[in-house]
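Along the sequence shown, residues are numbered consecutively beginning with 1. Just so you know, these numbers use all the heavy atoms, side chains as well, and skip hydrogens, waters and symmetry mates.
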Amino acid sequence: MAKMGIGSKISVILVLIIFVNCSIIAQEDEKQWEDPINLQNNPSEALLTQTGWKTLQENPSLMKESNVADAAFQHSATEAAKIVNKNIDLLSSGNFRTKFKEAIINNQGQDGKPTILNDNPAAKKEFFKKEYDIGMVDEKLEILKFDGRILTTGGTGSSSLAPPDEFSKAVIQKEGSIEFEKNSFSGTTLSREGETIKVSKGFVTLRTDNKITIEAEDVLDFTVTKENKEITYSGTFTFKKTDEENIVNGKFFRFFGKYREYKVQIDGKISDPKNTKPGEYFLVGHVTLKYNEGKNGVIEVKGNVLYTEEIGRRTASICNNYVGSSCIVNPNAYNNLKNSISSVRFLNIQGGDKISFKTPQYISSVEFNNVLDGEVTFTSQNGGKQTLVKVGPNSKTDVQGDLNNMNIGRLDVIYETDAEPNVKYVKHWHSNENLPDSVKNYFADARANPKANSLVECKIGVDCMKNIVGTFGKKVPPTSTKPDTILFVAGNDAEMARSMEQNCRSKSGCWIVDGRGSFFEIDEGSSIKYIGIGGHHVQQEYEESEFVYNTDDQKNPQDELYISSPEDASPAMSIPKAPEGQIEVVAFSACNTNNREKTTFSPDKGYLITYPNPLINAIEKKYGPLVSLIGYYNKAPVNDVSYKNGIPTTLPEFDRGREIADAYRTPNSKIGSWAISFVGNDNKRYWTNNGERCFGENQRYIDCTKVTKVVTGAGIS
C-alpha cells in the first residue's frame, strides 16, 4: 500500500471533520423538529417533514394552536382530518370547526362528494353535532354534498337541509332521512323561512302534535296521523298545524286509510279541527273537489261547509257538533273509482253557502235535509243525458231536465215550514235504475204513470204512505184505502208480492212498493198491521244497525234499506216507523232472518263467537212486542217465498205457513228451515225452527216446551 503524504492526511481529516459536523448538525435539526415548541414556532416548515407530522400525530393537542391547525390543513387536509377523526374533542372549539369546515369545502372529490367527511366518520358525526346540533344515527352514512349551505345525505331516504344551521336538533337517520322535531322527512329538500319549513318533493310524516307550518311543493306523500288513522296529502300546498286545527291550502290530493288509490283532488282551503274524525274537514272559501280527475264527480263549494267522507250511517252526527254550519255527508267518497256510492246528504244548508255536486256515478240515495238560506245544485250525468235539481232557500226546488234520466235510486227533499216548525214534509222521487228485471216488470204500470216523473210532495206520517205508494207502487185492490198489509219488494224478485195479490183482493188489501219507496212513517190512522219484506237480500251489521240490499247480484249497485233508524241516520233509507203496538207481524223471505243467534268468526279472538241476532233486536226496538216474526232459520230457498194465502197472522195459520216453506224444499236442497217466533196466549215467548209446528202448551200440535226453551215475558228479541 502506498503511503499518504502529509497533505493527503490533512485532506482526509478535514473531510472527516466536515462529515462529523454535518451529522451533528443534522441530528440537532431533527431534535429541533421533535421539540413541540419548535413545531409551534414554525409549523409550516416542520410539516414539510414526516417527523413533523409524526410529532403532530403524537401530540394532537398542538392542533388547538391556530397556526398549527392552519399549517396542517394547508399542507394536507387529508392527513389533518385523520388526526381529527382520532381526536374528535378538537371539534369542541368553534374556531377549529371553522377551519375544519373550510377544509371540507375546499377538498371535494371529483364526484363532488365531501371526501374528508366520508373518510372520517367519527369526525363527521362530531362535526355536525357540535357545529349544527344535528345528530347522526349511523356515522358511516355517506354524505353526498356539503358546501356549508347545503347538506345532502346519502341512503334510500336521501334528503337535503338548506342551510343546515336552520335545523338544530335534527337527526339524520340510518337510511338518510331527516327527523326534525320528531317529524320525518325522506327524499326531500328542507329549507326554512322564519317558522315556516319549506319542503320540496319527497315524503313527510308528522309524528307529533307540535305546532308547525310547512310549505310543500310537489310532495309525494305527506302523512298526518289522527285517531290512529293516516291522512295523506300530495301536491303543492301550505300545511299549518295549531292546537285547534290543521289548515291545508293549495292544490293537492287528500285521502285517508289504507286504500290510497281512492283519493280526492282539492283545489282551495280546508280546515281540519281537532275534534273531527279523520274523514271530516271544513271546505273554506271557494273550494273544488274532484274524484278520479273529475271523471267520477266534482263538488264545488263557496262558503264554510263541513264535509265528511267517513263511513257509516251515523256519520251525520258530526253535523250536530257544529251548529250553524252547512254539512255534506258523502260516506263513500273514497270509493270514487267504483261505479256507485251509497248516499249523499246535504244537511242544514245555511249562511248563504252555495254547493254544486255533479257526478256520473250511480247514487243510491240523494237527500236534501233542511236547506235554509243556502243553495245546493245536484247534477246527475247519465250517459249523454243530464238532469239538474236545485234546492234553494226554504227548500224551494227546481228541476231542469227529465227526472227519469237521473242516475240515482231515490231523491228526497226534507223540510219544515214556518207555520209548522216541528212537522216534516218531503218531496220524493225514485227510479227503477239498476233494479232486477223481475222488480222492474212488476212495477212497470206504475212507472208508466206520468206522475212517476215528478216529485211527490207530502207530510211525513200523514199522507206520504198514500202518495208515494200511490205514485210509484201498487194498491191491491186499486180502490183499497185502508189496507192492513204493506209489502216492500226489497230483493231480487217480486214473488212474495205477486203471490199475495189474490189474497189482498179477497181480504183487507195490500199496498206494495219497491225498497226505494220507503215513506218514513206509517200514515196516522192507517190500518197497517202486517209488514212483509220480500226478495233475497244480504244482511249486514254495522253500528248496531241492520239493512238489506235491494240488488240483483253482488256486482250491481246496492240500495240499503235498514230496519233501525237512529237519529243521525237518513230517514229515507229505513222501513217506516209506526206507533208501538200497531205492527203485529213482520215477515221476511231471506236467509238468517229468524234465527235467535248468529255465529261468526272473530279475527280478534281467533275463533267462532255466538251473539244475539241484531236484526230481531232491531225489529222489536222499532215496533215493540210482535205477535209473530216470520223468516228463515238459516239459508232461504232460491226462489222468493210464496204467500198465496197471505202472511200467517194467527198461530194456527202457521201450519199452512210451514207447507209453503216445504213446497220449496227438495230432498237434495241445502236450504235451511222456516221459522216463526211468537207470543203465546199465556204471555210467554215461544220459538219454533226446523219446520216444526208449535202452537202453545195447551194446543193439539207439538208442545213448544219440547222443541225450545220457554222464556217468560212478551215480545220478540
Got a sec, which residues hit salt bridge (Lys or Arg N to Asp or Glu O under 4.0 Å) with Asp243, two or more places apart in sequence or on another chain? Lys211
Any pair with a residue in residues 89-171 that passes disulfide bond (SG atoms under 2.5 Å apart), sequence neighbours left out, goes on the list, sorted by first then second residue, please. none
Is the distance from the ring center of Phe282 to that of Tyr322 below 6.0 Å? yes
To the nearest 0.5 angstrom, please state how far the CG atom of Leu62 sits from the CD atom of Gln40. 5.5 Å
So does Ala103 get a backbone contact from the side chain of Asn107, meaning a donor-acceptor N/O pair under 3.5 Å? yes
Looking at Pro278 and Lys226, what are the two nearest heavy atoms and their distance? CG-O, 3.5 Å
Check whether any side-chain N or O of Asn85 sits under 3.5 Å from a backbone N or O of Ala122 as a donor-acceptor pair, and report yes or no. yes
Do Phe96 and Phe73 have their ring centres less than 6.0 Å from each other? yes
Distance-only, no hydrogens or angles: does the Thr153 side chain make a donor-acceptor pair with backbone N or O of Gly176 under 3.5 Å? yes
Between the side chain of Thr152 and the main-chain N/O of Ser160, is any donor-acceptor distance below 3.5 Å? no
What residues form a ring pair (Phe, Tyr, Trp, His ring centres under 6.0 Å) with Phe368, not counting sequence neighbours? Phe346
So, using salt bridge (Lys or Arg N to Asp or Glu O under 4.0 Å) as the criterion, who are the partners of Lys201 when residues are at least two apart? Asp218
For the side chain of Lys269 and the backbone of Val248, is there at least one donor-acceptor N/O pair under 3.5 Å apart? no
As an exercise, state the distance from CG of Leu220 to OG1 of Thr188, rounded to the nearest 0.5 Å. 8.5 Å
Can you list every pair that meets ring-ring contact (aromatic ring centres under 6.0 Å, His included) and has a residue in residues 151-179, with sequence neighbours left out? Phe167-Phe180
All side-chain contact (heavy atoms from CB on, under 4.5 Å) counterparts of Gln386, not counting sequence neighbours: Thr379, Gln381
The residue among Glu166, Glu193, Glu217 that forms salt bridge (Lys or Arg N to Asp or Glu O under 4.0 Å) with Lys198 is Glu193
Please test Ser570 against Glu367 for side-chain hydrogen bond (donor to acceptor under 3.5 Å, both in side chains), starting from the C-alpha separation and ending with a verdict. CA-CA 8 Å; Ser570 172; Glu367 177 187 330; 2.5 Å; yes
Aromatic contact, Phe146 with Phe128 (centres under 6.0 Å): yes
